[in-house]
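As structure tokens, the structure follows; a few thoughts come after it.
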2 protein chains.
Amino acid sequence: MESQKNITIYDIAQATNLSIATISRIINKKGRYSAETESRVIKAMEELGYTPSASAQSLASNQTHTIGLVLPFWSIQQPNDDFTIQFLSGATIAANHLKYDLLLDNRSFVPSASTSQIIKRRRVDGFIFASVGNSYQHFMAELIAADFPTIYTGVQLPFDRNGNNVYGGHEIYKQDFLEICYQKGYHNTALFTSYMQAQELQMVEISRQIVEDFRLKKGLTQEQCRFIMYDYYNPKSFQYALEELLTQKNPVEAIYLDQFPTCSQAYSIIKAMGLRIPEDVAVVATSHYSRGGEEFSPKLTTTYVHSYEMGYRAVELLVNKIEKKGLEIEHDVPYSFLYRESFSPSKKTQNQ
Amino acid sequence: MESQKNITIYDIAQATNLSIATISRIINKKGRYSAETESRVIKAMEELGYTPSASAQSLASNQTHTIGLVLPFWSIQQPNDDFTIQFLSGATIAANHLKYDLLLDNRSFVPSASTSQIIKRRRVDGFIFASVGNSYQHFMAELIAADFPTIYTGVQLPFDRNGNNVYGGHEIYKQDFLEICYQKGYHNTALFTSYMQAQELQMVEISRQIVEDFRLKKGLTQEQCRFIMYDYYNPKSFQYALEELLTQKNPVEAIYLDQFPTCSQAYSIIKAMGLRIPEDVAVVATSHYSRGGEEFSPKLTTTYVHSYEMGYRAVELLVNKIEKKGLEIEHDVPYSFLYRESFSPSKKTQNQ
DNA sequence: TTGAAAGCGCTAACAG
DNA sequence: CTGTTAGCGCTTTCAA
């Protein structure tokens, strides 16, 4: 490895007979300089293969052009997390466009760290919290209170008065499913929620609440609108639950699932019982990428949560905040109800 | 937001009546200083809420304590990528332990960027390329040639003389599957490989090659050991292929799949034909997390690729390189063949 | 339009 | 064991 002297802004100042101040202006496209000077400088930079040092820039400008990204806690190995990977994709692309870097910054938020320290460390210009649950609420509250650029996913939090969130319809799409079923003439429905070891039960409770609220609102019985929690890693648990629903006096006509593997299982079970999808029972599930569901047969109807878009939007919103551009950016990323074969737009016509 | 003066190393030098040099030594646990001084300094740092500025440290020390992580190109939305998410988890944890940050650095590698510029930008101390395919080989070659700390996943590349890779058995476990079937008395086997739009066909070819090589080695016919490529998003394509294999004169006795959703489909199809797993046909698949397969019924036998471990190991190796510790770290992360119900350890005994 | 010079906050010889 | 001092490479007034 050649130990050649690192070429700096001084070298290119020298090469062009200009001062480093001018070079700096040109690098940052800031202040005034003649077009002629600019092209001369750019030429010199290319010839000498000059690239500004990121840390020198940060130190002098007090900006890092870096976004801290906090993802759900990693140490527990869990099955496919489409949300995270899609969110990450979108965030990466957006960061590229806006010329920011993404720092995976779970490290800043160790229990001992104080928010002010995190801010003062000046490692990043802002933070994005992607679906991290409650564990980070404390940090988020402080960050937001300190007016440090912060964006998080999900519904707006009580302590957040400025809408620092990007919302993908999380609590909404399950409600909508129930509503749609109700309107399309599906009379017995069930909403399944998976439970995995060591996962926050809070999510499960939210779903349970949605179902209860819906029942109340429409005056439905437990039988007409069920909430069912099952153990993800115990296929029998799901199987028994589903089989029972399918064989009772008034069998379920539509089910909602939150995991693709479970959908596959559901398909197996239903077919094994000699029932048809969607004629005998309709199936709907959550997906985080657009084609999710197409690999099923019959193709699966999904509530497609635009996780990719959410990641993109989160970065846009954050950069807007960091650079105080004051643009009006929509915080809401609506999900799509993607009708496919497993759920008929109308219950009435399906048996024709 | 209070515009209070930022507290720096000078402030804490003043508060303790020491010089900044001593403070710096204590921050970095480098050089000599008395225990008494140390505790005094630490106390002062806590009281004043001091945190060193990351960019100042980088500028002065020419180290960033940051690792650039390059993941497979994101713009194409694809289904669940367990490898990536697990790899990322492991890398995050390792980086935490070793006190490094992870920078998602697809941005450095835009077509226009030259490797030397990337290095000179000094944004990171080293790079990890996780399963990025051939698109980055050019960069990797230059980086390695320039002796810049670099680690990548997969088999060692021809231009890499130093073993800068971490290997998870990728080309091996499919071979092993065939070998195990052969030994256990499964005589007709098929290895399925999914094909997704816009994905590199190269991966598919590697699998095809494995099958051909195995046939040659054992003197098997096409019927005894098949390679089958199917369209992931066209379930019928898989279904027809599998049904045919199952109904021919000498039906397949064991199949290998590379996608979980496809496994689910296979289960459906097999059961719908009135066949049993594993008595009539055994099923094995790749998984990237340990419990993957348990959600199937009967539980799925998998070749469990330790992606999490690979991520962890990659970071360890890279840091070892960056800090020139010269530790002997194993590059190989063996996969595990996890026997579960869908594949009997012995074909002979299963019908008892 | 350009230049001079004072930092930004920290590290690392070197001297004591 | 501790202090002095010269950078690290760039940004940013303030003058010219």
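Hydrogens, waters and symmetry mates are skipped; everything else that's a heavy atom, side chains included, is used. Residue numbers start from 1 in every chain, and the chains themselves are labelled A, B, ... in the order their sequence lines are given, proteins ahead of strands.
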End-to-end axis angle, where each axis spans five pairs of the helix from C/dT1-D/dA16 to C/dG16-D/dC1, to 10°:
30°

Picking from D/dC8, D/dG3, C/dC10, the nucleotide nearest the side-chain atoms of B/S19 would be D/dG3

From C/dG9, C/dT2, D/dC10, nucleotide with atom closest to A/L18 side chain:
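Output: C/dT2.
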
Separation of [N] [atom2] from [X] [atom1] (nearest whole Å):
X      : N      : atom1 : atom2 : value
A/I12  : C/dG3  : CD1   : P     : 12 Å
B/N62  : D/dC8  : CG    : C1'   : 8 Å
A/K120 : C/dC8  : NZ    : C1'   : 17 Å
B/N17  : D/dT2  : CG    : C1'   : 13 Å
A/Q63  : D/dC10 : CD    : P     : 16 Å
B/I26  : C/dT11 : CD1   : P     : 12 Å
B/I9   : D/dT5  : CD1   : C1'   : 14 Å

Pairs under 3.5 angstrom, nitrogen or oxygen only, protein versus nucleotides 12-16 of chain D, please.
from	atom 1	to	atom 2	distance (Å)
D/dT12	OP2	A/K30	NZ	3.3

The test is side-chain contact (heavy atoms from CB on, under 4.5 Å); show your working for A/Y167 and A/H331 and say whether it passes.
CA-CA 6 Å; A/Y167 178 53; A/H331 289 239; 5.8 Å; no

Taking only Lys NZ, Arg NE, NH1 and NH2, and the carboxylate oxygens of Asp or Glu, determine whether B/R121 and A/D101 approach each other closer than 4.0 Å.
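Salt bridge: yes.
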
Residues B/R123 and B/D105 bridged, charged N to O under 4.0 Å:
no

Where along residues 36-54 of chain A does a heavy atom fall under 4.0 Å from DNA chain D?
A/Y50, A/P52, A/S53

Just do the side-chain contact (heavy atoms from CB on, under 4.5 Å) check on A/V124 and A/I67 with the steps written out, would you?
CA-CA 5 Å; A/V124 299; A/I67 291 169; 6.0 Å; no

